[in-house]
Amino acid sequence: MIRVQIESFSLADEYQLLNQDKSDGAIVTFVGKVRDFNEGSQVTQLTLEHYPGMTEAILSQIEQEARSRWPLNYVRIIHRVGTLALGEQIVFIGVTSQHRKAAFDACEFLIDFLKTKAPFWKLEANEASQRWVDAKVSDDLAAHEWKQE
Amino acid sequence: MINVLFFAQVREQLELSNLLVAATEDLQTTNDLRLHLSNKGDKWANALASDRLLVAVNQTISQWDASVQDGDEIAFFPPVTGG
């Protein structure tokens with residue numbers, strides 16, 4: 001399940017939707033949030049832009065890639081767009097599997113690939129100014145490490 | 001026509017999110033389209049100058065020698081920063 005939406009999401013509701021199958025022994029979830037400082041600058045709000053259509057297609061490809069690497073049952077990905085305040089939730093990744101290793105690894109793989117492949121862009125702002133976030137080399141390296149396995 | 005889209009800094013610099021460009025024999029590749037747009041003026045040249053600029057053809061990330069055809073959707077944007 002992939003959703004790109006303006007509204008927030010409930011971790012409790014998402015957990016319930018992941019917690020449906022007795023054969024799953026592990027549920028791993030990740031929530032990314034708007035942080036107060038980035039690269040030395042104060043941040044009070046974040047605006048997320050995306051490429052409608054391509055975003056959903058890429059997230060679907062990333063999900064398929066994860067499913068080809070690990071035996072997963074449920075996969076839920078939510079990414080918000082629009083303007084978000086400090087502390088708000090940006091992204092949710094939830095995966096289930098029989099065992100924890102696959103669930104942990106797949107969850108980390110999904111967020112690493114989402115960050116470097118899905119067409120989202122962050123515009124950070126504080127009272128004084130705003131700036132587009134630069135892509136990080138460390139994020140590219142994190143995604144690249146999965147390719148070597 | 002070719003439907004050209006711009007996102008993030010590129011969209012902001014151009015003050016434009018999309019543009020229709022007539023498909024001609026001069027526009028064979030994504031790089032041809034980039035050069036064609038860059039020739040529209042300084043604002044265009046600056047917005048499309050970055051060596052980190054990315055291009056997608058019909059919503060798939062592509063190379064600068066990828067072919068461009070009538071009816072294609074071509075998007076120009078900077079490296080992605082979601083998550």
Side-chain angles (χ1 to χ4, degrees), chain A residues 2 4 30-35 38-39 46-62 77-82 84 89-93 107-124 130-140 142-143, chain B residues 1-21 29-31 33-34 37-38 42-83:
Chain A
I2 286 160
V4 178
F30 169 81
V31 175
K33 296 174 60 202
V34 181
R35 188 178 60 225
N38 189 34
E39 313 256 311
L46 195 63
T47 300
L48 275 141
E49 177 172 335
H50 79 124
Y51 182 172
M54 182 172 169
T55 310
E56 292 82 352
I58 294 280
L59 292 177
S60 178
Q61 286 166 22
I62 294 171
I77 302 172
I78 303 172
H79 202 298
R80 295 178 68 196
V81 292
L84 309 178
Q89 304 177 130
I90 305 169
V91 59
F92 172 83
I93 311 269
C107 188
E108 189 171 15
F109 170 91
L110 286 165
I111 188 63
D112 283 351
F113 268 64
L114 181 154
K115 285 181 88 79
T116 54
K117 306 287 183 211
F120 291 101
W121 299 275
K122 286 189 185 121
L123 179 67
E124 286 178 350
Q130 58 181 32
R131 67 174 192 108
W132 291 95
V133 174
D134 274 333
K136 288 200 190 83
V137 173
S138 59
D139 286 340
D140 280 338
Chain B
M1 301 296 271
I2 299 165
N3 188 23
V4 187
L5 308 180
F6 309 104
F7 292 99
Q9 294 95 313
V10 183
R11 172 186 56 73
E12 198 171 69
Q13 282 179 264
L14 294 174
E15 302 170 274
L16 191 68
S17 56
N18 87 306
L19 176 73
L20 289 172
V21 174
T29 68
T30 50
N31 196 52
L33 180 60
R34 182 183 184 173
L37 294 172
S38 297
D42 286 349
K43 181 169 79 173
W44 291 81
N46 290 334
L48 301 171
S50 171
D51 57 10
R52 301 180 74 195
L53 187 74
L54 299 175
V55 63
V57 177
N58 299 323
Q59 306 192 350
T60 299
I61 291 284
S62 300
Q63 302 298 314
W64 293 107
D65 60 356
S67 72
V68 169
Q69 292 173 353
D70 197 14
D72 279 350
E73 178 177 290
I74 311 287
F76 294 99
F77 47 78
V80 303
T81 57

- The interface call for B:L54 against chain A, heavy-atom contacts under 4.5 Å, is neither
- For chain A, find which of B:Q59, B:E12, B:Q9, B:E73 contributes the most heavy-atom pairs closer than 4.5 angstrom. B:Q59
- Task: Could you label the plane-to-plane angle of the B:F7 and A:W121 rings as parallel, tilted or perpendicular, counting under 30° as parallel and over 60° as perpendicular?
- Result: parallel
- So, does A:T55 use its side chain to make a donor-acceptor pair with the main chain of A:F120 at under 3.5 Å? no
- Query: With a 4.5 angstrom heavy-atom cut-off, which part of A:K136 approaches chain B: side chain, backbone, both or neither?
  - Reply: neither
- Strictly by modelled atom types, are A:E124 and A:N38 linked by a side-chain donor-acceptor pair under 3.5 Å? yes
- Query: Among B:L19, B:L16, B:N18, B:I74, which one satisfies side-chain contact (heavy atoms from CB on, under 4.5 Å) with B:L5?
  - Reply: B:N18
